[in-house]
Amino acid sequence: MAPRTRRMAFPKVLIERDTDSEQSSSSDDEDELEEEDEGPPSESEPEEEDSTKNGYGERIEEDLSLKKKGKAPITISLKKVCKVCKKPGHEAGFKGATYIDCPMKPCFLCKMPGHTTMTCPHRVAIEHGVIPAPRTSTHNTVEYVLQRQLRPRILPIKPAYVIPDQVCCAVIRYHSRRVTCLEFHPTKNNILLSGDKKGQVGVWDFDKVHERMVYQNIHTCIVNNMRFKSTNDGMVYAASSDGTISSTDLETGMSSSLMNLNPNGWQGPSNWRMLYGMDINSEKGVVLVADNFGFLYMVDTRSNSKIGEAILIHKKGSKVVGLHCNPVQPELLLSCGNDHFARIWDMRQLKAGSSLSDLAHKRVVNSAYFSPLSGSKILTTSQDNRLRIWDSIFGNLDSPSREIVHSHDFNRHLTPFRAEWDPKDPTESLAVIGRYMVENYNGAALHPIDFIDISTGQLVAEVMDPNITTISPVNKLHPRDDILASGSSRSLFIWRPKEKSEPVEKKDESKIIICGGAMKKRKGKFRGESDDDSEDDGCVSKGKNFQFKKAESKSAPRPRKVNK
DNA sequence: AGAATATGATTCC
DNA sequence: TGGAATCCCTATTC
């Protein structure tokens with residue numbers, strides 16, 4: 001697995017190690033970058049070469065040439081190579097809490113070559129990190145009028161958003177694997193459902209933080225999407241990579257399988273079907289799901305029976321990751337997937353190739369959602385680091401009406417990011433999405449959760465907490481209250497606006513709990529977590545030790561290693 | 001403190 | 001077309 005062959009091909013270049021790392025990194029072109037040119041790298045280089053190389057791409061060797069001359073003391077020399085491109089002359093990686101890009105690679109944010117994220121035009125506003133991309137097409141008359149006449153009036157009104165920006169309660173390590181999806185209960189305001197990579201479903205009353213419930217036997221691997229049954233909000237459906245749709249009674253925990261695409265068990269990876277996108281068409285009483293081979297399935301919720309045959313809605317063999325029914329027009333279905341398309345369908349004429357619209361993207365589309373009230377706009381999240389807004393009224397669907405460059409790269413170890421609408425926003429312009437790229441906030445490397453006004457592309461707010469050093473790819477805004485729920489790694493967080501909740505330090509200590517689980521002897525400590533009382537059964541309240549503080553330069557939690 | 005590892009889209013041959 | 005190599009701003013365990 002290790003790219004050993006590449007490492008062995010390095011030319012041997014020795015550089016005197018400079019005790020002051022900051023100076024050395026900024027003056028690489030001077031004589032310290034002397035090539036000693038000991039000839040080409042030998043192909044038969046022994047494997048132990050790896051042991052002379054530390055984790056930062058530096059090569060440590062004893063300077064033998066000095067030995068030969070006799071008197072000179074043995075000095076340790078380092079060759080500094082970029083750990084990304086393996087070339088000397090520059091270094092990439094963390095310098096403290098700031099990540100330095102490799103200049104040989106395209107910009108990590110906008111993916112364009114020729115610059116790094118430091119100078120990317122899409123993050124010139126340092127305090128925001130994200131600015132709107134220019135409109136792709138402004139030759140539309142309606143848009144022009146909107147720009148001229150409406151925008152000047154709209155802009156001052158926009159900041160009225162209420163942003164949930166302070167953690168009010170949390171369960172650290174709620175799940176035993178990373179969180180993959182979240183869903184608020186449709187009627188009970190304090191109930192949050194969470195699915196994880198292991199197939200477990202959490203039911204959490206975040207007003208009674210300690211009453212943590214995790215159903216372990218609903219699925220056997222990733223829970224990809226959950227939806228409440230519209231006619232009975234005590235029942236929830238979930239689609240999983242185990243190939244089943246589950247139907248679970250939240251009171252009893254009783255779960256049954258609505259559909260199973262792998263009735264004969266494991267028949268090899270090319271036969272194992274996984275369910276990703278799911279939604280409910282309450283009008284028709286149908287659960288819609290889609291698999292990793294491009295097919296859509298429908299199940300009648302009254303008879304629990306499959307309707308018709310599977311329909312190919314995306315490129316054959318490609319994953320369909322998202323399905324969404326239009327909130328206003330029940331005939332309209334939206335799908336998105338790994339074939340780089342989001343597609344709009346008419347439920348009355350569902351067959352392969354009969355989509356009403358194909359929304360083209362440059363990369364995989366992680367999510368596509370109709371706007372929650374009018375259903376006239378579509379918000380997509382694509383792995384090309386762009387959010388796109390497609391407007392069926394003020395624009396055509398041939399091209400997005402706006403593209404917003406935003407850092408939400410794909411990483412196989414992270415749940416894919418999905419931008420979500422604020423269901424409460426009457427103007428249908430507020431979206432929330434976690435950010436991949438780290439920002440250095442007074443010495444702490446943090447990944448904020450961004451609130452973006454999709455009508456202007458502006459970053460309305462970036463929400464973070466110095467205690468949360470992990471990326472938060474899963475976010476959901478409450479359907480009625482000013483609450484944000486976040487899934488970050490295995491933890492769940494509930495955010496509320498500052499003015500509505502007292503600072504957590506003064507609040508009920510039990511609002512933050514840390515679950516033991518497998519983390520008994522964990523060394524990297526969460527702030528305030530003490531090692532002494534690590535009872536690993538159930539939840540352990542660590543509230544009194546756990547303090548939320550403003551990011552301060554001295555008290556950054558688990559800071560990134562600072563080069564010395 | 002550093003190594004190992006889990007594991008998916010994409011590219012290349 | 002299919003399998004191997006590659007990748008990289010992760011999180012966690014050992």
Side-chain angles (χ1 to χ4, degrees), chain A residues 1-7 50-58 60 82-86 91-102 104-109 111 116-118 120 123 129 172-173 175-180 196-198 221-222 224 241 268-270 274 276 292 315-319 321 337-340 361-366 382-385 407-417 434-440 444-448 468-474 487-491 517-526 536 557-558 560-562 564:
Chain A
M1 205 69 183
R4 186 191 299 150
T5 49
R6 278 185 82 175
R7 286 185 187 173
D50 271 356
S51 64
T52 64
K53 186 173 172 296
N54 69 17
Y56 290 81
E58 296 169 337
I60 308 167
C82 171
K83 71 172 190 178
V84 175
C85 72
K86 312 288 191 281
E91 281 181 274
F94 279 99
K95 280 259 188 283
T98 306
Y99 190 91
I100 309 297
D101 275 14
C102 170
M104 310 301 281
K105 293 283 178 177
C107 172
F108 187 74
L109 175 57
K111 307 300 175 195
T116 64
T117 52
M118 284 297 186
C120 178
R123 60 168 284 180
I172 311 302
R173 287 173 236 122
H175 285 272
S176 58
R177 292 288 183 275
R178 67 173 198 240
V179 174
T180 52
D196 73 20
K197 201 170 168 298
K198 205 178 179 184
C221 59
I222 314 179
N224 288 307
S241 291
S270 55
M274 306 189 255
Y276 283 84
N292 56 326
K315 184 179 171 186
K316 197 167 188 178
S318 75
K319 202 191 284 179
V321 290
N338 281 23
D339 64 353
H340 303 189
H361 295 70
K362 292 200 176 71
R363 294 280 160 155
V364 167
V365 189
N366 287 345
S382 172
Q383 289 182 10
D384 66 354
N385 263 1
S407 172
H408 52 253
D409 289 64
F410 171 78
N411 179 323
R412 64 181 175 283
H413 311 297
L414 300 174
T415 303
F417 292 83
R435 194 192 302 175
Y436 192 148
M437 220 167 63
V438 313
E439 211 69 58
N440 182 345
L446 303 177
H447 307 266
I468 307 173
T469 55
T470 48
I471 294 175
S472 305
V474 191
S488 190
S489 185
R490 295 150 53 178
S491 306
M519 302 301 294
K520 200 166 160 184
K521 293 292 175 189
R522 190 165 161 272
K523 284 295 176 218
K525 283 200 286 185
F526 213 73
D536 65 344
R558 301 199 312 200
R560 295 277 179 183
K561 175 190 266 179
V562 178
K564 278 186 181 174

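Chain identifiers are assigned alphabetically (A, B, ...) following the order of the sequence lines, protein sequences preceding nucleic acid strands; residue numbering begins at 1 within each chain.
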Looking at A/Met274, is its backbone amide N or carbonyl O close enough to the side chain of A/Asn292 to form a donor-acceptor pair, meaning the two atoms are under 3.5 Å apart? yes
Across all chains, not counting sequence neighbours, the ring pair (Phe, Tyr, Trp, His ring centres under 6.0 Å) partners of A/His361 are A/Trp390
For A/Tyr436, which residues count as a ring pair (Phe, Tyr, Trp, His ring centres under 6.0 Å) partner, sequence neighbours excluded? A/Phe108
Need one value for A/Phe108: base, sugar-phosphate or nothing, where a base atom within 4.0 Å counts as base even if backbone is also close, heavy atoms only. base
Once ring pair (Phe, Tyr, Trp, His ring centres under 6.0 Å) is applied, do any residues pair with A/His175, and if so which ones, sequence neighbours excluded? none
Earlier contact from the 5' end, DNA chain B, for A/His340 and A/Lys197: A/Lys197
The nucleotide from C/dA11, C/dT10, C/dC9 with an atom nearest the side chain of A/Thr117 is C/dC9
I'd like to check the side-chain contact (heavy atoms from CB on, under 4.5 Å) partners of A/Ile222; sequence neighbours left out, ordered by chain and number. A/Thr180, A/Lys197, A/Asn224, A/Ser241
Roughly how many Å apart are B/dC12 and C/dC9, using the C1' atom of each and rounding to a whole number? 26 Å
I want to verify a distance call: between C/dT10, C/dT12, C/dC7, whose nearest atom is closest to the A/Arg412 side chain? C/dC7
Please tell me if A/Lys319 has a side-chain N or O lying less than 4.0 Å from either OP1 or OP2 of B/dA9. yes
Not counting sequence neighbours, which residues clear salt bridge (charged side-chain N to carboxylate O under 4.0 Å, His left out) with A/Asp101? List them please. none
Counting heavy atoms from C-beta on, name the nucleotide in C/dC9, C/dC8, C/dT12 closest to the side chain of A/Val84. C/dC8
Tabulate protein N/O versus nucleotide N/O from nucleotides 11-13 of chain B, keeping only pairs under 3.5 Å, one per line.
{"unit_1": "B/dT11", "atom_1": "OP1", "unit_2": "A/Arg363", "atom_2": "NH2", "d": "3.4"}

With heavy atoms under 4.0 Å as the rule, sort A/His408 into base, sugar-phosphate or nothing. nothing
Could you check whether A/Asp101 gets within reach of a base, just the sugar-phosphate, or nothing at all, counting any heavy atom under 4.0 Å? base
Per-pair stack call A/His413 and C/dA11, 5.5 Å, 30°: no
